[in-house]
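All residue numbers in this chain count up from 1 along the given sequence. Basis for what follows: all heavy atoms, side chains included, without hydrogens, waters or symmetry-related copies.
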Amino acid sequence: MGNDSSLEDTVARRSDVLTAIEGGQRTKRDIVESIDRSRSTVDRAVRELLNAECITPLRPGTSRYQLTTAGRLALEMYRNYRRGSDTVESNAALLNALSADVDISEDFITDADVYSFSKTPDLAHNPSTELVADATRFYGTAPVAFDSYFEFLNGWTDRDGTELELVFDRDLLDSVLEHYDAEFTELRSHSGVDLLVTDESFSHAVWVVENAQETHAGLTIYEDGAMRANLLASSDRAVLWAEQEYQRYRDAATPIGTGD
């Protein structure tokens, strides 16, 4: 590849031309009409993309172009970067509510839909409860608890074929046993329920819900004990991050016994 500019810079600057060519073989005239740029601009863009080996003539000596494999991959990586950076930029205040040591995957951020709220918590809470309501398996961390959670989970686990696994941090478990002992005891009594506790503290919830058709991953952000946002994603790579992040907490946890 040429050295006039980096591949990253070329793709960022000429992404509109790559997108125009993406749909099939395109001439320079096709590109001009598609992106509404001058012919001279398109000429320069084509030269740069040829030099970067992102496009190639359909046949040697012709002026009809198509994306190379490198061009397709570079364009997709650029789009992923833009999606992720847009998510971070528009939700910086929410993300900064997380502890700085939380290792959020770029894959998760890129693919996530963000449901946030200020004075209307149901706007953030509803998407996750709807997913769990339709699921057969739900596992995740539990940094906070409300009476409505126990009402919902006790009703959900009362159904046949559901599996629930939650990791509580020690401080939350102590609070739950003090304020929601009856509800917690009922939850533990259901078959298919595994509850664990860890001495590691966390201020966010990472969770996965599964049903027969699909799997969703979620990250719930809390601040001062109140829910700030839900980030939801269902791509394979986002789910993989959530599974690995949850497993990290689970590996440090032990089953909750009668003495806890």
Side-chain angles (χ1 to χ4, degrees), residues 1-96 98 100-116 206 208 214-219 221 229 231-245 248:
M1 296 186 182
N3 296 319
D4 292 342
S5 63
S6 70
L7 175 62
E8 179 182 358
D9 290 342
T10 300
V11 172
R13 189 169 57 253
R14 303 305 187 188
S15 61
D16 56 347
V17 176
L18 286 170
T19 300
I21 299 174
E22 183 182 26
Q25 297 85 26
R26 296 288 187 266
T27 65
K28 289 182 180 179
R29 177 179 293 180
D30 294 334
I31 299 169
V32 168
E33 294 175 353
S34 176
I35 66 174
D36 194 24
R37 297 290 185 92
S38 68
R39 177 59 183 260
S40 61
T41 298
V42 170
D43 285 342
R44 288 194 299 273
V46 167
R47 284 197 301 270
E48 292 175 9
L49 293 169
L50 284 169
N51 191 47
E53 299 179 24
C54 288
I55 64 174
T56 186
L58 183 59
R59 289 183 298 275
T62 65
S63 60
R64 186 176 291 273
Y65 302 95
Q66 61 186 357
L67 295 189
T68 63
T69 298
R72 284 198 306 274
L73 291 173
L75 181 59
E76 183 59 28
M77 291 172 67
Y78 171 73
R79 286 170 173 164
N80 286 339
Y81 167 76
R82 286 297 305 270
R83 284 195 294 268
S85 61
D86 288 347
T87 298
V88 171
E89 181 179 7
S90 58
N91 296 282
L94 290 174
L95 295 171
N96 286 338
L98 291 166
D101 60 358
V102 176
D103 185 17
I104 304 179
S105 164
E106 177 185 336
D107 292 337
F108 183 83
I109 289 294
T110 297
D111 296 339
D113 293 321
V114 180
Y115 299 86
S116 62
V206 58
V208 178
E214 55 191 354
T215 301
H216 296 269
L219 176 70
I221 299 173
L231 283 71
L232 309 179
S234 58
S235 68
D236 290 344
R237 61 184 189 170
V239 170
L240 178 62
W241 170 80
E243 290 173 338
Q244 293 173 337
E245 182 72 0
R248 183 172 70 82

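Arg13 and Asp9 are not joined by a salt bridge, as no carboxylate oxygen comes within less than 4.0 angstrom of a charged side-chain nitrogen. Salt-bridge check for Arg72 with Glu53: failed, with every basic side-chain N at 4.0 Å or more from each acidic carboxylate O.
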May I have the step-by-step check of side chain to side chain contact (heavy atoms under 4.5 Å, CB included) for Val208 and His216, ending in yes or no?
-> CA-CA 6 Å; Val208 178; His216 296 269; over 6 Å; no
In sequence, state the C-alpha distance, the side-chain angles, and the governing distance for Leu67 and Leu18, and then conclude on side chain to side chain contact (heavy atoms under 4.5 Å, CB included).
-> CA-CA 7 Å; Leu67 295 189; Leu18 286 170; 3.5 Å; yes
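Heavy atoms from other residues, nucleotides or ligands lying under 6.0 Å from CZ of Arg39 number more than 12. Heavy atoms of other residues, nucleotides or ligands lying less than 6.0 angstrom from CZ of Arg37 number 12 at most. More than 12 heavy atoms of other residues, nucleotides or ligands sit less than 6.0 Å from atom CG of Asp43. The local environment of CD in Glu8 is sparse, with at most 12 non-hydrogen atoms from other residues, nucleotides or ligands closer than 6.0 Å.
In this structure a side-chain-to-backbone donor-acceptor pair under 3.5 Å is present from Thr19 to Ser15. A distance-only check finds no donor-acceptor pair linking the side chain of Asn51 to the backbone of Glu48 [under 3.5 Å]. Listed for the Thr10 side chain is a donor-acceptor partner under 3.5 Å among the backbone atoms of Ser6. Thr56 places no side-chain N or O within 3.5 Å of a backbone atom of Thr68 that could act as its donor or acceptor partner.
Scanning both residues, Cys54 and Val11, for their nearest heavy atoms gives SG-CG2, 4.2 Å. Of all heavy-atom pairs between Ile31 and Ala20, the closest is CG2-CB, 4.4 Å. Lys28 and Val42 make their closest contact through O-CG1, 4.1 Å (heavy atoms, listed as atom of the first residue, atom of the second, distance). Closest of all the heavy-atom pairs between Pro57 and Gln66 is O-NE2, 4.5 Å.
The distance from atom CD of Glu22 to atom OG of Ser34, rounded to the nearest 0.5 Å, is 11.0 Å. Between atom CZ of residue Arg29 and atom CD of residue Glu33 there is a gap of 7.0 Å, rounded to the nearest 0.5 Å. One distance of note links CD1 of Ile21 with CD1 of Ile55; it measures 4.0 Å at 0.5 Å rounding. Interatomic distance, CG of Leu58 versus CZ of Arg64, reported as 7.5 Å (0.5 Å rounding). One finds the CZ atom of Arg79 at 11.5 Å from the CZ atom of Arg82 (value rounded to the nearest 0.5 Å).
Under the side-chain contact (heavy atoms from CB on, under 4.5 Å) test applied with Tyr65, the options Thr27, Leu49, Leu50 reduce to a single match, Leu50.
Checked against ring pair (Phe, Tyr, Trp, His ring centres under 6.0 Å), Phe108 has the following partners two or more places apart in sequence or in another chain: Trp241.
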